[in-house]
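Below: the structure, in structure tokens.
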Amino acid sequence: MLNIALFGAPGAGKGTQSSRLIEKCKLTYISTGEILREEIRKGTELGLEAKKTIEAGKLVSDDIIVKIIEKIVKANLDGKGFLYDGFPRTVAQAEALESILEKNGIKMNAFICLDVPFDICVERLLNRAKTSGRSDDNEETIKKRLVEYENKTAPVADFYRKHGTFVAVEGVGTEEEIFERIINSLKGCV
Ligand code: AMP
């Protein structure tokens with residue numbers, strides 16, 4: 001069973017490359033951002049709470065996120081594996097994921113970091129804002145999301161460097177070029 005995480009700043013292209021990767025490897029897709037947006041659409045209590053946090057450009061609490069992940073992992077252990085998009089986003093989430101995987105007798109195979117300069121991320125997000133309908137895709141919130149990324153999410157890369165599963169992939173180029181780099185970085189896994 002494969003466990004792959006796609007990591008990178010907001011706008012690094014995680015969502016775009018995830019679609020290609022799940023298609024190729026037939027993995028269960030877990031995007032915590034998508035799950036939260038679905039809760040917002042449904043107007044659940046969790047959704048109402050998450051909306052405020054997302055619109056403030058902040059991260060939702062580790063506790064909530066870890067519970068969501070644990071439930072999905074447990075329910076899909078009969079599949080080919082998982083692709084995590086936008087998770088883990090804090091060192092505490094990475095530690096919790098390790099323990100969930102261990103409890104279920106599986107392990108992280110590759111933690112892929114899409115390297116994209118912040119100015120290109122901002123440009124991409126502002127472009128996406130024209131069609132995404134996402135209330136957090138605006139200049140002010142994007143700036144806050146990048147600060148949150150730098151402070152809380154970037155340290156997750158070191159966690160996986162020590163873990164030995166970290167791979168950096170240049171995230172600038174055409175979608176096809178980047179996907180090819182990802183697949184090359186997974187040689188031996190897929
Ligand atoms: P994304 O779709 O991955 O860009 O996520 C959109 C927003 O959802 C983020 O800016 C956070 O507010 C929240 N979010 C998504 N995933 C996580 C996570 N793993 N931990 C905390 N907050 C998250």
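Note that ligands are numbered from 1 as they come in the structure, with each ligand's atoms numbered from 1 the same way.
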Are any of the heavy atoms in Arg134 under 4.0 Å away from ligand 1?
yes
Considering only protein heavy atoms, which is closest to atom 13 (C) of ligand 1, and at what distance to one decimal place?
Leu36 CD1, 3.6 Å
Any donor and acceptor pair, going by atom type alone, linking the side chain of Lys14 with main-chain N or O of Gly8 inside 3.5 Å?
yes
Test of proximity, Gly86 against ligand 1: N or O pairs below 3.5 Å:
yes
Can you sort out which atoms of ligand 1 are near Ile65, meaning under 4.0 Å from one of its heavy atoms?
17 (C), 18 (C), 19 (N), 20 (N), 21 (C)
Do me a favour and list the nearest non-hydrogen protein atom to atom 16 (N) of ligand 1 with residue, atom name and distance?
Thr32 OG1, 2.7 Å
Nearest non-hydrogen protein atom, atom 22 (N) of ligand 1:
Val60 N, 3.0 Å
Donor-acceptor check, side chain of Glu177 to backbone of Thr174, threshold 3.5 angstrom: yes or no?
yes
Mark yes or no for whether Thr153, through its side chain, and Arg89, through its backbone, hold a donor-acceptor pair below 3.5 Å.
yes
Does the plane of the ring in His163 sit parallel, tilted or perpendicular to the ring in Tyr160? Use 30° and 60° as the thresholds.
perpendicular
So, Gln17 side chain and Glu175 main chain: donor-acceptor pair closer than 3.5 Å or not?
yes
Heavy atom of Arg37, distance to ligand 1 below 4.0 Å
yes
Starting from atom 1 (P) of ligand 1, locate the nearest protein heavy atom and write down its residue, its atom name and how far away it is, to 0.1 Å.
Arg89 NH2, 3.6 Å
side-chain hydrogen bond (donor to acceptor under 3.5 Å, both in side chains) between Asp137 and Ser132, intermediate numbers included:
CA-CA 8 Å; Asp137 280 348; Ser132 71; 2.9 Å; yes
Please determine, by modelled atom types, if Thr90 and Asp62 share a side-chain donor-acceptor pair under 3.5 angstrom.
yes
For atom 7 (C) of ligand 1, the closest protein heavy atom turns out to be Ile54 CG1, 3.9 Å
Any nitrogen or oxygen of Lys58 lying under 3.5 Å from a nitrogen or oxygen in ligand 1? Just yes or no.
yes
How close does the nearest protein non-hydrogen atom get to atom 20 (N) of ligand 1, and which residue and atom is it?
Gln93 NE2, 2.9 Å
Taken in chain and number order and not counting sequence neighbours, the residues that satisfy side-chain hydrogen bond (donor to acceptor under 3.5 Å, both in side chains) with Thr53 are none
